Amino acid sequence: MALFCLRDNRPACLFFCFAIVSAAIKSGYRPRGRSPFSAEPIIMRLTRYFLPILRETPKEAEIVSHRLMLRAGMIRQEAAGIYAWLPLGFKVLQNVTRIVREEMDRAGAVELLMPTLQLADLWRESGRYDAYGPEMLRIKDRHERELLYGPTNEEMITEIFRASVRSYRDLPKILYHIQWKFRDEQRPRFGVMRGREFLMKDAYSFDVDEAAARLSYNRMFVAYLRIFGRMGLKAIPMRAETGPIGGDLSHEFIVLAATGESGVYCNADVRDLPIPGIDVDYDSDLTPIIREWTTLYAATEDVHDEARFHAETPAEKRLQTRGIEVGQVFYFGDKYTRPMKAPITGPDGSERPAQCGSYGVGVSRLVGALIEANHDDAGIIWPEEVAPFRVGIANLKVGDAASDAASMQIYHALEKAKIDVLYDDRDERPGGKFATLDMIGLPYQVIVGPKGLAGGTVEVKTRATGARENLSVEAAIAKLTA
RNA sequence: CGGGGUAUAGCGCAGCCUGGUAGCGCGAUAGUUUUGGGAACUAUAGGUCGCAGGUUCGAAUCCUGCUGCCCCGACCA
């Protein structure tokens, strides 16, 4: 390879560019805007796209999200719990990533990117290298140095933090990244819901004392309400185990779904609480919002207290169901900053370990959770914010002059309006096109065919409601670009 | 990590018990007829039968070992 590169640097250059791009994509990196590396929308003809639809259900897929992700050509399994994200799935993953990033930034968190591989010695400092067990994937490099594929990043962020921050004047800080993690689960299952490799947003807060740490915790708590709310999910914060630290500063955010992995108990009214608006002031006192969301009973089975549930919740409001954990917020104090020696000088001149919390969102898992929460017998029903395309155009008779012209007119109008659109220009039978569009779940479908056009109309179907309207081409464009 | 399965064409499966030219449906390709909710007919292509040993004249089939994958449980974002 080295010789080859010396002779002709072009392949080396190509390889180099490819490596950067793939690393950036894999890390979930995405500049601001609706699409990677540009602000342009994705306008795509299905004949040029890569959408490997499966007509039959793969036998290994047990739950609906896994089944639909495979059938809709969103993912392909490469090993147990390890998936390739195909174009349609990757677009959804990017959209979820974008929302997480926007809301973290809005809440005052600062993004960085830590590596997937970490030195074992770093984990020996916290004592977790030996404590972690076989879920940690351990690797040796050519020099026999011990490495691991990170399952989380508390040690590394603490190392980064201690290298440069010494004074309370530099606090508070909330740092986050969105990076692939690996946990060698004994039994991966449910597709991306419990894979071994998974994309996670993890944030870490550093504060001078517990009172300040609580403010950081509240910021993340509110940011999480917004993240999940924007995706159209009812994610309910539930008291979780706090471990050795104790206190009340740990919540799991749970999406209610009958197929969820854990049992949950809550007051039914918690589902109808309002999501903080885009104008929420993160510098203001957030405790009223926290109080509103933590007063009604809501707990996973691990910490459920039946007597308390009954005491606090009227019988007709008691909801027992199942849920999927999509995020967690957790205050753990000086668990890492003390053994790893990350001291802060306080206003009184004395040193003390920084007080920390960590805040995770299972980004790749969220894609599965979104489908669990939004589907019907025909397939996926994407919430608009995360949909891979906003509109699908089905040309029912490719080759028919009027159908082709009307389809292209709509296609170009949506392109001009910067709306993501997928144009099904395949020479296929109508039934197949309807089934495909329903399954991949784009919010709006435009059905273009000779029968409608004879009367001057196309059909606009809203996937979520099934509602259909016969509109002129112009009216359809107006509706979809509104 | 315990228990139970399974591996044959892109997907779903039969064949294995009782060894003898590797099959079916869907999908793919080509043609014809079709065409508003997954069409019909005809033809074609596509396989180291998970891997490695062994038994045998001959192994997808019997034996041994290994590996991948799936399900139940425990565990976990």
Side-chain angles (χ1 to χ4, degrees), chain A residues 52-63 66-67 70-71 73 76-82 100 132-136 150-153 178-203 224 235 238 240-241 250-255 260-262 300 302 323-330 358-369 377-379 394-400 403 424 426-439 445-455 457-459 461 466 468 470:
Chain A
I53 298 282
L54 302 178
R55 264 181 87 153
E56 293 181 58
T57 302
K59 66 172 178 178
E60 72 271 15
E62 285 289 303
I63 64 168
H66 190 193
R67 213 157 52 223
L70 290 168
R71 287 200 58 208
R76 178 171 174 80
Q77 179 169 319
E78 295 299 336
I82 299 178
V100 170
Y132 214 93
E135 279 193 352
M136 179 185 281
T152 179
N153 287 69
I178 300 171
Q179 177 62 293
W180 292 89
K181 307 282 193 294
F182 194 91
R183 289 181 197 168
D184 200 357
E185 297 285 348
Q186 294 153 356
R187 194 187 156 206
R189 58 181 133 174
F190 304 148
V192 299
M193 297 265 289
R194 191 176 169 193
R196 292 194 291 171
E197 188 184 47
F198 56 98
L199 187 62
M200 184 172 174
K201 187 283 299 179
D202 39 326
Y224 277 32
M238 301 198 176
E241 303 216 40
S250 179
H251 289 88
E252 294 178 345
F253 285 74
I254 305 278
V255 172
E261 75 248 294
S262 43
T300 62
D302 299 339
I324 302 163
E325 185 186 344
V326 290
Q328 54 89 23
V329 290
F330 188 54
S358 72
Y359 314 90
V361 171
V363 175
S364 48
R365 150 175 279 223
L366 260 173
V367 177
D377 289 345
N395 181 348
L396 297 188
K397 189 156 186 162
V398 172
D400 174 76
S403 298
D424 188 348
R426 297 172 304 165
D427 187 13
E428 286 286 327
R429 301 171 60 79
K433 298 199 173 197
F434 294 136
T436 296
L437 276 178
D438 282 349
M439 183 167 68
Q445 302 172 8
V446 187
I447 314 296
V448 181
K451 288 192 183 172
L453 290 173
T457 64
V458 296
E459 183 179 294
K461 175 177 166 183
R468 302 155 186 231
N470 289 311

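Heavy-atom basis, side chains included; hydrogens, waters and symmetry copies ignored. Protein chains get the first letters and strands the later ones, always in sequence-line order, with residue 1 at the start of each. Predicted model only: the values in this text are computed from it and were never measured.
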Base, sugar-phosphate alone, or nothing: which one does Arg468(A) contact when heavy atoms must sit under 4.0 Å apart?
base
side-chain contact (heavy atoms from CB on, under 4.5 Å), that's the test. Do Asp302(A) and Ser262(A) meet it? Break it down for me.
CA-CA 9 Å; Asp302(A) 299 339; Ser262(A) 43; over 6 Å; no
Sorted by chain and residue number, the side chain to side chain donor-acceptor pair (under 3.5 Å) partners of Arg196(A) (sequence neighbours excluded) come out as Asp184(A)
Please round to the nearest 0.5 Å and tell me the distance separating atom NZ of Lys397(A) and atom CG of Asp427(A).
10.0 Å
Run the side-chain contact (heavy atoms from CB on, under 4.5 Å) test on Tyr132(A) and Arg183(A) for me, step by step, so that the C-alpha distance in whole Å, both residues' side-chain angles and the decisive distance to 0.1 Å come before the verdict.
CA-CA 10 Å; Tyr132(A) 214 93; Arg183(A) 289 181 197 168; 3.8 Å; yes
Under 4.0 Å, heavy atoms only, any strand: does Thr152(A) hit a base, just the sugar-phosphate, or nothing?
nothing
Applying a 4.0 Å non-hydrogen cut-off, can you work out what Gly452(A) is touching in the nucleic acid: base, sugar-phosphate, or nothing?
base
Provide the distance between the two C1' atoms, one in G50(B) and one in G31(B), to the nearest whole Å.
38 Å
Over all strands shown, is Ala80(A) touching base, sugar-phosphate only, or nothing at heavy-atom distances under 4.0 angstrom?
sugar-phosphate
Base, sugar-phosphate, or nothing for Gln328(A), non-hydrogen atoms under 4.0 angstrom?
nothing
Base, sugar-phosphate or nothing for Ile447(A)? Non-hydrogen atoms, less than 4.0 Å.
base
Reckon Lys59(A) touches a base, only the sugar-phosphate, or nothing at all at heavy-atom distances under 4.0 Å?
sugar-phosphate
Write down the partner of U32(B) under the Watson-Crick or G-U wobble criteria, each distance required to be under 3.5 Å.
A40(B)
Which is more 5' along RNA chain B, the nucleotide nearest Lys433(A) or the one nearest His66(A)? Just name the residue.
Lys433(A)
Counting only Watson-Crick pairs (N1-N3 plus N6-O4 or O6-N4) and G-U wobbles (N1-O2, O6-N3), all under 3.5 Å, who is the partner of G46(B)?
none
Sequence neighbours left out, what passes side-chain contact (heavy atoms from CB on, under 4.5 Å) with Arg429(A)? Give chain and number order.
none
As an exercise, state the distance from OG1 of Thr57(A) to CG of Leu70(A), rounded to the nearest 0.5 Å.
9.0 Å
Whole-Å C1' distance, C13(B) and C72(B)
24 Å
Under a 4.0 Å heavy-atom criterion, RNA chain B is touched by chain A from C1(B) to A77(B)
Are Lys433(A) and Glu428(A) within salt-bridge range, i.e. N to O under 4.0 Å?
no
Identify whether any heavy atom of Gly360(A) sits under 4.0 Å from a base atom; if not, whether one sits that close to sugar-phosphate; answer base, sugar-phosphate or nothing.
nothing
U34(B) versus U42(B) - spacing of their C1' atoms, nearest Å
15 Å
Test item: side-chain donor near acceptor, Asp438(A) and Gln445(A), under 3.5 Å:
yes
Would you mind pulling out the nucleotide paired to G25(B), Watson-Crick or G-U wobble, both distances under 3.5 Å?
C11(B)
Distance check, P atoms only: A52(B) and G68(B), in whole angstrom units.
16 Å
Within the structure shown, what part of the strands sits under 4.0 Å from Leu396(A) by heavy-atom distance: base, sugar-phosphate, or nothing?
base
With nearest nucleotides of RNA chain B determined for Arg194(A) and Glu56(A) from heavy-atom distances, which residue corresponds to the more 5′ nucleotide?
Glu56(A)
Scan Glu252(A) against the nucleic acid and name what it touches under 4.0 Å (heavy atoms): base, sugar-phosphate only, or nothing.
nothing
Verify side-chain contact (heavy atoms from CB on, under 4.5 Å) between Met200(A) and Thr152(A), making sure each step is shown before the conclusion.
CA-CA 9 Å; Met200(A) 184 172 174; Thr152(A) 179; 5.7 Å; no
Could you tell me whether Gly431(A) contacts a base, only the sugar-phosphate backbone, or nothing, with contacts defined as non-hydrogen atoms closer than 4.0 Å?
sugar-phosphate
What's the gap between C26(B) and G38(B) when it is taken at their P atoms, as a whole Å value?
16 Å
Touch class at under 4.0 angstrom, heavy-atom based, for Pro450(A) against every strand present:
base
pair_partner(G68(B)), Watson-Crick or wobble, both distances < 3.5 Å, evaluates to U6(B)
Please give the distance between the P atoms of G20(B) and C11(B) as a whole number of Å.
27 Å
Between A30(B) and A45(B) - P atom distance, rounded Å:
15 Å
With heavy atoms under 4.0 Å as the rule, sort Glu428(A) into base, sugar-phosphate or nothing.
nothing
What's the gap between U61(B) and G53(B) when it is taken at their P atoms, as a whole Å value?
14 Å
Please classify the nucleic acid contact of Lys461(A) as base, sugar-phosphate, or nothing, using heavy-atom distances under 4.0 Å.
base
